[in-house]
Amino acid sequence: MTIASDRFGFNTVTLGGSLAHKLHCMRAAGFAGVELWARDLIGHPEGVAAAAALVRASGLRVTDFQPLRDFECAPEAMRAHRLEMAGEQLRQMALVGADLLLVCSTTSPLATDDPARAAEDLRALGTLAAPLGIRICYEALSWGRHVQRWQQAWDIVQRCDHPGVGLNLDFFHMAVHGDDAPDAIQALAQVPAERIFLVQLADYFYPFGPTAADHMELARHQRLFPGEGLHDVRPLVRMLEAGGYRGDYTFEVFNDDYVNSDPLAIARRAMDAVRWIARGLPDGAAAAR
């Protein structure tokens, strides 16, 4: 089993500094992919076009563009507006050549608990994105209003029944719910590999087990690179690779200490995590190349 290092992307949120310097440090550390946020473009001091030009010139492939929040199950009066805002993100994606949009499960208190309606909304988004060559991956946030676990997200993706809408797996959100246990990981075998569009990897250190109130604090401030915390991502990677998954893995690591450290040193530390994952796979000594 081999896994090429160019299947790993690095999220801009992990590094401090300008967008140009972040992209430079990722390339210097050996990454081939970048996970972009809409704010990387719209927050750039020289404008969206200039930010997009930096991304294109970097030589980094955009693994995915994120996030579209609070999209599904909005009140009827808000549906057209939400779809319009999604269209704006799709236009931004075209500027950087991104072909995968990450949609987080809604946290809005106004959202209805209706999987069929969620599927309908995602189907509409998938249809809007298809002519642009863009796919949609749906992620269960551990603090989502109604969808908090990958099993719920997978149910909605299945109901959606659209070839351009698939599942995003975020190891952090899995682990805080105990879905990194061996039997829970094995349950993912029910999901066809081609329906998993993206896998995000991050660890954390919290020896007593986080409560629901801790999830957001950990997620947004204290994530760690794989291999630096208490939760081993490698059984998940092994299972996915054996099952035929050939998509990207990305490091979405929010950490206040990392952001305030030397970006190049942090990027190299992330590449060390890529090698650590590779060593944990069968024949892993030759896996990361």
Side-chain angles (χ1 to χ4, degrees), residues 7-13 19 33-44 48-49 51-52 55-56 60-74 78-108 111 117-141 144 147 150 152-154 156-170 172-173 191 194-202 245-252 254:
R7 288 175 58 199
F8 287 82
F10 195 7
N11 198 304
T12 57
V13 76
L19 177 61
V34 57
E35 195 168 33
L36 282 178
W37 294 70
R39 67 187 184 218
D40 289 325
L41 301 187
I42 62 176
H44 192 272
V48 170
V55 174
R56 292 195 304 270
L60 292 166
R61 176 175 56 86
V62 180
T63 58
D64 62 289
F65 195 85
Q66 63 170 335
L68 182 60
R69 298 188 186 276
D70 297 335
F71 175 75
E72 79 280 17
C73 295
M78 296 176 62
R79 292 181 80 182
H81 172 71
R82 297 306 301 156
L83 202 59
E84 179 183 345
M85 298 310 297
E88 175 58 28
Q89 288 206 342
L90 295 175
R91 288 186 287 274
Q92 293 170 6
M93 293 175 67
L95 295 175
V96 294
D99 62 4
L100 186 63
L101 175 62
L102 189 149
V103 180
C104 301
S105 62
T106 184
T107 61
S108 172
R117 166 68 184 282
E120 180 184 342
D121 288 342
L122 289 175
R123 190 181 308 113
L125 180 59
T127 299
L128 180 67
L132 302 173
I134 293 174
R135 300 177 302 157
I136 308 300
C137 62
Y138 184 53
E139 170 189 12
L141 284 179
V147 176
W150 72 260
Q152 297 169 291
W154 173 231
I156 290 170
V157 168
Q158 287 179 289
R159 290 170 183 260
C160 181
D161 192 27
H162 189 292
V165 178
L167 183 66
N168 176 70
L169 296 175
D170 185 312
F172 173 87
H173 293 300
V191 183
E194 64 273 13
R195 304 306 301 152
I196 301 172
F197 287 1
L198 183 69
V199 179
Q200 295 176 303
L201 302 175
Y245 177 70
R246 295 299 179 264
D248 288 319
Y249 297 93
T250 62
F251 291 166
E252 185 185 46
F254 298 76

Report yes or no: does [X] contribute a side-chain atom to a donor-acceptor pair with the main-chain N or O of [Y] at less than 3.5 Å?
X	Y	value
R117	A74	yes
Q89	P67	yes
T250	E252	no
R7	G247	yes
S105	V147	yes

I'd like to know if the side chain of E139 pairs up with that of Q66 as donor and acceptor (distance under 3.5 Å, no hydrogens or angles considered).
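Distance-only check fails for E139 and Q66.
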Just verifying a value: how many Å separate [X] [atom1] and [Y] [atom2], rounded to the nearest 0.5 Å?
X	Y	atom1	atom2	result
L68	L125	CG	CG	6.0 Å
F71	L83	CZ	CG	5.0 Å
L169	L201	CG	CG	9.5 Å
W37	Q92	CH2	CD	13.5 Å
L19	L36	CG	CG	7.0 Å
I156	C73	CD1	SG	6.5 Å

Return the minimal non-hydrogen interatomic distance between [X] and [Y], and the atom names on each side.
X	Y	answer
T63	E35	OG1-CA, 3.7 Å
P131	L128	CD-O, 3.4 Å
L100	F197	CD2-O, 3.6 Å
L95	R56	O-NH1, 2.8 Å
E72	A118	CG-CB, 3.8 Å
V165	G126	CG2-CA, 4.0 Å

Pairwise side-chain contact, [X] with [Y], heavy-atom cut-off 4.5 Å (strictly under):
X	Y	value
T107	D70	yes
L141	H173	yes
M93	L132	no
H162	I136	no
R195	L167	no
F65	L41	yes
M78	M85	no

Please determine if E120 and R123 form a salt bridge, counting it only when a charged side-chain N lies under 4.0 Å from a carboxylate O.
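Looking at E120 and R123, the cut-off is not met.
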salt_bridge(R82, D121) N-O dist < 4.0 Å
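Between D121 and R82 there is no salt bridge, as every charged N stays at least 4.0 Å from the carboxylate O atoms.
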Sequence neighbours left out, what passes ring pair (Phe, Tyr, Trp, His ring centres under 6.0 Å) with Y249? Give chain and number order.
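Only F8, Y245 meet the ring pair (Phe, Tyr, Trp, His ring centres under 6.0 Å) criterion with Y249.
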